[in-house]
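Taking it in order: structure first as structure tokens, then the write-up.
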Amino acid sequence: MSFSSTVKEELSAQVSTARHCQLAELAALIHFCGSTCDDGMHLCLETENEAVVRKCFTLLRKTFNIDNVVTRGKSRLLSDDETELKVIQALHLAGKAGCPIVLEAPVSSLIIKSSCCARAYLRGAFLSIGSMSAPEKSYHLEFVCNAQEQARQLQGIIQEFQIEAKVIKRKKYFVVYLKEGAGIVNLLNVIGAHVSLMNLENLRIVKEMRNSINRRVNCETANISKTVTAASKQIEDILLIRDKYGFENLPDNLRQMAEIRLEYPDAALKELGGYLEPAVGKSGVNHRLRRLSEIADGIKP
């Protein structure tokens with residue numbers, strides 16, 4: 001099972017205790033997975049998502065005491081006109097009785113006026129149109145909306161929780177997406193996917209630790225390579241001085257430095273300083289080696 005499916009399974013098992021939050025989540029399911037039939041006068045639910053089907057049935061039963069629903073295809077979701085009208089009015093899906101149902105428009109602000117209802121609405125939205133990439137590979141969570149107005153509203157609701165979300169058009173759809181690991185963790189917390197959140201955090205820790213180790217290894221490898229290259233150049237210059245100029249023509253401090261470097265070709269600068277008489281620090285060793293390099297440059301044709 002994918003990480004996205006695991007999140008949805010967790011969310012499908014959660015049911016808010018407050019009726020207003022149940023209505024908010026049901027509104028998201030109907031808006032994003034619902035459709036209309038009979039000239040827009042009746043509700044249908046078209047989805048292959050089992051989590052959405054179960055949640056929709058549960059919420060209708062709890063909020064309206066409805067047990068007889070049709071959750072597949074173009075058949076009416078509710079066969080009883082009076083009950084369906086109650087659902088339509090409670091979810092503000094039509095301007096008034098007898099008007100066509102509108103699902104492409106943003107959800108009524110009355111449905112999500114409180115923070116808890118906004119959380120429930122986002123939970124329903126993720127169940128309906130949300131998806132998430134495998135966090136082992138990348139951090140990406142998105143909601144695919146049919147209408148731009150819905151996408152902008154969804155973006156605004158997410159941003160109310162101080163989570164950055166962006167909208168992009170992809171073919172005929174409008175996609176609300178998050179690409180930062182921290183933002184995705186915060187959103188999972190908002191919608192109540194706490195088990196998935198902990199699993200994601202564990203993966204993030206392992207991933208960041210691995211990346212940190214890799215950066216450190218790469219840095220150390222680069223430093224070693226740089227040190228080896230510098231040592232090779234120093235030895236090359238010293239050999240040139242010995243053969244073309246003669247150590248006897250060098251000042252005592254530079255002669256001693258040249259001999260020590262040849263004797264310890266792999267030693268670091270600090271280590272080389274300890275072999276000198278008297279010992280000198282890293283900067284002193286570096287200064288002497290630089291002077292030897294200047295002498296070598298003067299000898300080169």
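Counting begins at 1 with the first residue of the sequence. Just so it is clear, the model here is predicted, and its values are computed rather than measured.
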Approximate separation, where rounding is to 0.5 Å, of [X] [atom1] and [Y] [atom2]:
X: Ile241; Y: Asn249; atom1: CD1; atom2: CG; answer: 10.5 Å
X: Ile163; Y: Asn189; atom1: CD1; atom2: CG; answer: 8.0 Å
X: Gln234; Y: Met257; atom1: CD; atom2: CE; answer: 8.0 Å
X: Met198; Y: Leu188; atom1: CE; atom2: CG; answer: 12.0 Å

Between [X] and [Y], is any pair of side-chain heavy atoms under 4.5 Å apart?
X: Phe126; Y: Ser4; answer: yes
X: Leu178; Y: Lys166; answer: no
X: Leu93; Y: Leu43; answer: yes
X: Leu23; Y: Tyr121; answer: no
X: Leu45; Y: Cys33; answer: yes
X: Val7; Y: Val195; answer: no
X: Leu122; Y: Phe161; answer: yes

More than 12 heavy atoms of other residues, nucleotides or ligands under 6.0 Å from [atom1] of [X]: yes or no?
X: Glu164; atom1: CD; result: no
X: Asn65; atom1: CG; result: no
X: Glu180; atom1: CD; result: no
X: Tyr177; atom1: OH; result: yes

Would [X] and [Y] show up in the same hydrophobic cluster when neighbours are defined by side-chain heavy atoms closer than 4.5 Å?
X: Tyr245; Y: Phe247; answer: yes
X: Ile260; Y: Leu254; answer: yes
X: Ile157; Y: Ile168; answer: no
X: Val15; Y: Ile112; answer: yes

What pairs meet the side chain to side chain donor-acceptor pair (under 3.5 Å) rule with one or both residues in residues 277-286, with sequence neighbours excluded? none
Audit row: Leu276, Gln256, side chain to side chain contact (heavy atoms under 4.5 Å, CB included) steps and yes/no: CA-CA 7 Å; Leu276 295 172; Gln256 186 186 22; 3.8 Å; yes
Can you list every pair that meets salt bridge (Lys or Arg N to Asp or Glu O under 4.0 Å) and has a residue in [range], with sequence neighbours left out?
range: residues 251-260; value: Asp252-Arg255, Arg255-Glu259
range: residues 223-241; value: Lys233-Asp237, Asp237-Lys300
range: residues 55-65; value: Glu25-Lys55

Under 3.5 Å donor-acceptor, [X] side chain and [Y] backbone:
X: Arg123; Y: Ile191; value: yes
X: Ser196; Y: Ala193; value: no
X: Arg261; Y: Pro265; value: yes
X: Ser293; Y: Leu289; value: no

Set of salt bridge (Lys or Arg N to Asp or Glu O under 4.0 Å) partners for Glu10, sequence neighbours left out: none
Test salt bridge (Lys or Arg N to Asp or Glu O under 4.0 Å) applied to Arg19 - qualifying residues, sequence neighbours left out: none
N/O donor to acceptor pairs below 3.5 angstrom from side-chain atoms of residues 146-156, sequence neighbours left out:
{"unit_1": "Gln150", "atom_1": "NE2", "unit_2": "Leu103", "atom_2": "O", "d": "2.7"}
{"unit_1": "Arg152", "atom_1": "NH1", "unit_2": "Gln155", "atom_2": "OE1", "d": "3.3"}
{"unit_1": "Gln153", "atom_1": "OE1", "unit_2": "Val107", "atom_2": "N", "d": "3.0"}
{"unit_1": "Gln153", "atom_1": "NE2", "unit_2": "Val107", "atom_2": "O", "d": "2.8"}
{"unit_1": "Gln155", "atom_1": "NE2", "unit_2": "Ala165", "atom_2": "O", "d": "2.9"}

Testing the basics here: between [X] and [Y], what is the closest heavy-atom pair and its distance to 0.1 Å?
X: Leu26; Y: Cys56; answer: CD1-SG, 4.0 Å
X: Val185; Y: Leu197; answer: O-CD1, 3.3 Å
X: Leu91; Y: Ile111; answer: CA-CD1, 4.0 Å
X: Ala267; Y: Leu272; answer: CB-CD2, 3.7 Å
X: Val102; Y: His31; answer: O-CE1, 4.0 Å

Could you walk me through whether Asn253 and Val280 pass side chain to side chain contact (heavy atoms under 4.5 Å, CB included), step by step? CA-CA 11 Å; Asn253 63 338; Val280 299; over 6 Å; no
Val52 vs Phe32, test: side chain to side chain contact (heavy atoms under 4.5 Å, CB included). Steps then yes/no. CA-CA 10 Å; Val52 170; Phe32 294 120; over 6 Å; no
Sequence neighbours left out, cut at 3.5 Å: what donor-acceptor pairs do the side chains of residues 128-145 make with other protein atoms?
{"unit_1": "Ser128", "atom_1": "OG", "unit_2": "Gly124", "atom_2": "O", "d": "2.8"}
{"unit_1": "Ser133", "atom_1": "OG", "unit_2": "Ser138", "atom_2": "O", "d": "3.1"}
{"unit_1": "Ser133", "atom_1": "OG", "unit_2": "Ser138", "atom_2": "OG", "d": "3.3"}
{"unit_1": "Ser133", "atom_1": "OG", "unit_2": "His140", "atom_2": "N", "d": "3.3"}
{"unit_1": "Ser133", "atom_1": "OG", "unit_2": "His140", "atom_2": "O", "d": "3.4"}
{"unit_1": "His140", "atom_1": "ND1", "unit_2": "Lys179", "atom_2": "NZ", "d": "3.2"}
{"unit_1": "His140", "atom_1": "NE2", "unit_2": "Glu142", "atom_2": "OE1", "d": "2.8"}
{"unit_1": "Glu142", "atom_1": "OE1", "unit_2": "Arg170", "atom_2": "NH2", "d": "2.9"}
{"unit_1": "Glu142", "atom_1": "OE2", "unit_2": "Arg170", "atom_2": "NH1", "d": "3.0"}

Mind checking what makes side-chain hydrogen bond (donor to acceptor under 3.5 Å, both in side chains) contact with Glu294, not counting sequence neighbours? Arg291
Using the side-chain hydrogen bond (donor to acceptor under 3.5 Å, both in side chains) criterion, which residues pair with Thr83? Sequence neighbours excluded. Asp80
Return the set of residues passing side chain to side chain contact (heavy atoms under 4.5 Å, CB included) with Pro278 (not counting sequence neighbours), or none when no residue passes. none
Do Arg119 and Ser16 have a side chain donor and acceptor closer than 3.5 Å? no
Could you tell me whether the side chains of Ser232 and Thr229 share a donor-acceptor contact shorter than 3.5 Å? no
According to ring pair (Phe, Tyr, Trp, His ring centres under 6.0 Å), does anything in residues 267-301 pair up with another residue at least two apart or in another chain? List the pairs. Tyr264-Tyr275
Test side chain to side chain contact (heavy atoms under 4.5 Å, CB included) on Val175 and Val167; report intermediate values, then the result. CA-CA 5 Å; Val175 181; Val167 177; over 6 Å; no
